[in-house]
Amino acid sequence: MSQTHRELLQTLTQGDWHQQSPVLVIGAAVMDMVARADALPERGGDIAADVTGFHLGGCALNIALGLKQLGIHSQNLLPVGEGMWSDRLRKEMAAREIVSDLQVKGADNGWCLALVEPDGERTFISVDGIENQWQPAWLAQATPQNGLVYVSGYQLGAKQGTVLTDWLDTLPEAVRVLVDFGPRLDVMPKERVERLIRPGVILTLNQREAAILGFAGDAESFCRQLHEKTRELVVLRCGEQGSYYYGSADDCGWIAARKITVADSIGAGDSHCAGLLAGLSLGLTHWQSMMLANCVAAYVVSQPGGDCAPTLSQLISSLDSVS
């Protein structure tokens, strides 16, 4: 499969590929504190952990960074407020040349503690900030007429998430919305979830999130049933098993995962979304976009932290190093 990945990446770097669809990214920018621990603490317990670093975080910020690294321009609506964490975010984002069109006042940005166990699995404790205090005025100037819109499930599931779902309902049919529900799907109001599983919405889920929606092991059946409601691409991410996608009866199947050594799984889903959005915005097929997404995600989980999105050249080099 690495040879197929390589051929696709070389085609993208050598061919006459240009972004065909605009991309709007909506969600959070936060700072991640990453700490390694032998295991998670039991209730009332206490564990020792080693802080390994601070990284740019937030699903939407990870995706904005991933798109930029792949040469895709995106408009980013990531609320950046005022306070210690906001100031650090502005500095770190400027260093990576990431711009947010939402500079707001009234509160600081949140932050996240990511506890990483020896097998690379991560567990988050998130402290919410202004990134979850959405207001209709913040979206007043965001009126895409076509293209792709990514919205993070963290913000959709927050108290002010109805501001975003109401806005999504106003978008024209030419806009393809990509929703990644994320780990808070289990506490998202059921009626809000149902509003989002509608025509025109691309869904991407990992196995835990899919199980909440009824996945019992049959990827084809599960994705096909969701597709009947959305009439759009459905993606199921299954870690080392690879990813399954369903675009139609003639456009579906498994995409194998790359064989890599996992550093941690922070940003795994975000980086997969970034690769998928990049492929779709370039006009690639669903299969090609999924190949690119798997390749980007494999690179990111082989590095520490979630803010290490690769360029196409870095992806090719990573394939060469294991060939």
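Positions are given from 1 along the sequence. The structure displayed is predicted, hence computed values, not measured ones.
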Could you tell me whether Asp50 atom CG has more than 12 heavy atoms of other residues or ligands within 6.0 Å of it? no
May I ask you to decide if Thr285's main-chain N or O and Gln288's side chain share a donor-acceptor pair within less than 3.5 Å? yes
For Glu240, does the CD atom have more than 12 heavy-atom neighbours from other residues, nucleotides or ligands under 6.0 Å away? no
Which of Val296, Leu70, Leu8 passes side chain to side chain contact (heavy atoms under 4.5 Å, CB included) with Leu312? It is Leu70
Heavy atoms of other groups near Arg192 CZ, more than 12 under 6.0 Å: yes
Using modelled atom types and a 3.5 Å cut-off, is there a donor and acceptor pairing between side-chain atoms of Asn109 and backbone atoms of Gly81? yes
Quick one: does Gln19's side chain have a donor or acceptor within less than 3.5 Å of a partner on His73's backbone? yes
Under a 4.5 Å side-chain heavy-atom rule over Ile, Leu, Val, Met, Phe, Trp and Tyr, are Leu280 and Trp17 clustered together? yes
Side-chain donor or acceptor of His227 paired with backbone N/O of Gly247 under 3.5 Å: yes
Assess the side chains of His55 and Asp32: does a donor N or O sit below 3.5 Å from an acceptor N or O? no
Atom pair CG (Leu67) and CG (Leu276), whose distance is rounded to the nearest 0.5 Å: 10.0 Å
For atom CD of Glu228, decide whether the heavy atoms of other residues, nucleotides or ligands shown that lie under 6.0 angstrom number more than 12. yes
Is it the case that Tyr245 and Asp251 place a side-chain donor and acceptor less than 3.5 Å from each other? yes
With a 3.5 Å cut-off and no angle check, do the side chains of Ser318 and Gln314 form a donor-acceptor pair? no
Nearest heavy-atom pair of Gln155 and Glu131: which atoms, and what distance? CG-O, 3.5 Å
According to side chain to side chain donor-acceptor pair (under 3.5 Å), who are the partners of Asp108, at least two apart in sequence or on a separate chain? Ser86
Would you mind reporting whether Leu292 and Leu9 have side-chain heavy atoms less than 4.5 Å apart? yes
Of all the heavy-atom pairs spanning Arg96 and Leu65, show the shortest one and how long it is. NH2-CD2, 3.2 Å
Under a 3.5 Å threshold, yes or no: a donor from one side chain and an acceptor from the other, between Ser74 and Asn76? yes
So, does Thr52 use its side chain to make a donor-acceptor pair with the main chain of Val34 at under 3.5 Å? yes
Would Tyr150 and Val179 satisfy side chain to side chain contact (heavy atoms under 4.5 Å, CB included), going step by step from the backbone distance to the final call? CA-CA 6 Å; Tyr150 163 87; Val179 170; over 6 Å; no
Under the side chain to side chain contact (heavy atoms under 4.5 Å, CB included) rule, what do Cys273 and Leu178 come out as? Steps first, then yes or no, please. CA-CA 9 Å; Cys273 284; Leu178 189 151; 4.1 Å; yes
So do the side chains of Lys68 and Glu97 get within less than 4.5 Å of each other, counting heavy atoms only? yes
Does NZ or CZ of Arg208 fall inside the cone over Phe215's six-membered ring, less than 6.0 Å from its centre and within 45° of the axis? no
Least distance between heavy atoms, Tyr299 atom then Cys308 atom: CE2-O, 3.4 Å
Tell me whether Leu156 is reachable from Trp134 by hopping between hydrophobic residues (I, L, V, M, F, W, Y) whose side-chain heavy atoms are closer than 4.5 Å. yes
About how many Å separate CG of Leu61 and CE of Met31, when rounded to the nearest 0.5 Å? 9.0 Å
Can you list the steps and then say if Leu213 with Phe222 is a side chain to side chain contact (heavy atoms under 4.5 Å, CB included)? CA-CA 9 Å; Leu213 296 182; Phe222 173 75; 4.1 Å; yes
Taking side chain as C-beta onward, heavy atoms only, is Leu168 less than 4.5 Å from Val175? no
Tyr244 vs Trp254 aromatic rings, parallel, tilted or perpendicular, using cut-offs 30° and 60°? perpendicular
Could you state the interatomic distance from NE2 (His272) to OG (Ser289), rounded to the nearest 0.5 Å? 10.0 Å
Got a donor-acceptor contact below 3.5 angstrom from the Asn294 side chain to the Ala256 backbone? yes
Euclidean distance, Ile26 CD1 relative to Leu78 CG, rounded to 0.5 Å: 9.5 Å
Between Arg90 (side chain) and Val80 (backbone), is there a donor-acceptor pair under 3.5 Å? yes
Let me confirm one number: the CZ-CZ distance from Arg231 to Arg198, rounded to the nearest 0.5 Å. 11.5 Å
Note: Ser21 and Leu148 closest approach over all heavy atoms is CB-CD1, 4.5 Å
Would the distance check show the side chain of Arg176 and the main-chain N or O of Gly200 forming a donor-acceptor pair, the cut-off being under 3.5 Å? no
Assess the residue pair Leu164 and Trp138 against the criterion (side chain to side chain contact (heavy atoms under 4.5 Å, CB included)); give the C-alpha distance rounded to whole Å, side-chain angles, the decisive distance to 0.1 Å, and a yes or no. CA-CA 10 Å; Leu164 292 169; Trp138 293 358; over 6 Å; no
Short N-O contact, Arg184 and Asp128, less than 4.0 angstrom: yes
As an exercise, state the distance from CG of Leu196 to NZ of Lys229, rounded to the nearest 0.5 Å. 12.5 Å
In terms of heavy-atom contacts, Ala37 and Ile47 come closest through CB-CD1, 3.7 Å
So, for Gly110 and Val30, which heavy atoms are closest and what is the spacing to 0.1 Å? O-CB, 3.4 Å
Any side-chain to backbone donor/acceptor pair from Gln145 onto Thr143? Under 3.5 Å, distance only. yes
Give a yes or no on whether Trp287 and Leu203 share a hydrophobic cluster (residues Ile, Leu, Val, Met, Phe, Trp, Tyr; joining criterion: side-chain heavy atoms under 4.5 Å apart). no
What do you reckon, is CG of Asp38 surrounded by more than 12 foreign heavy atoms closer than 6.0 Å? no
Check whether any side-chain heavy atom of Arg36 lies under 4.5 Å from a side-chain heavy atom of Glu117, and answer yes or no. no
Give a yes or no answer on whether the side chain of Gln103 reaches the backbone of Ser100 with a donor-acceptor pair at less than 3.5 Å. yes
Hey, any chance Leu205 and Ile63 share a hydrophobic cluster, counting ILVMFWY side chains that come within less than 4.5 Å of each other, even indirectly? no
Are the side chains of Glu121 and Val116 in contact, using a 4.5 Å heavy-atom criterion? no
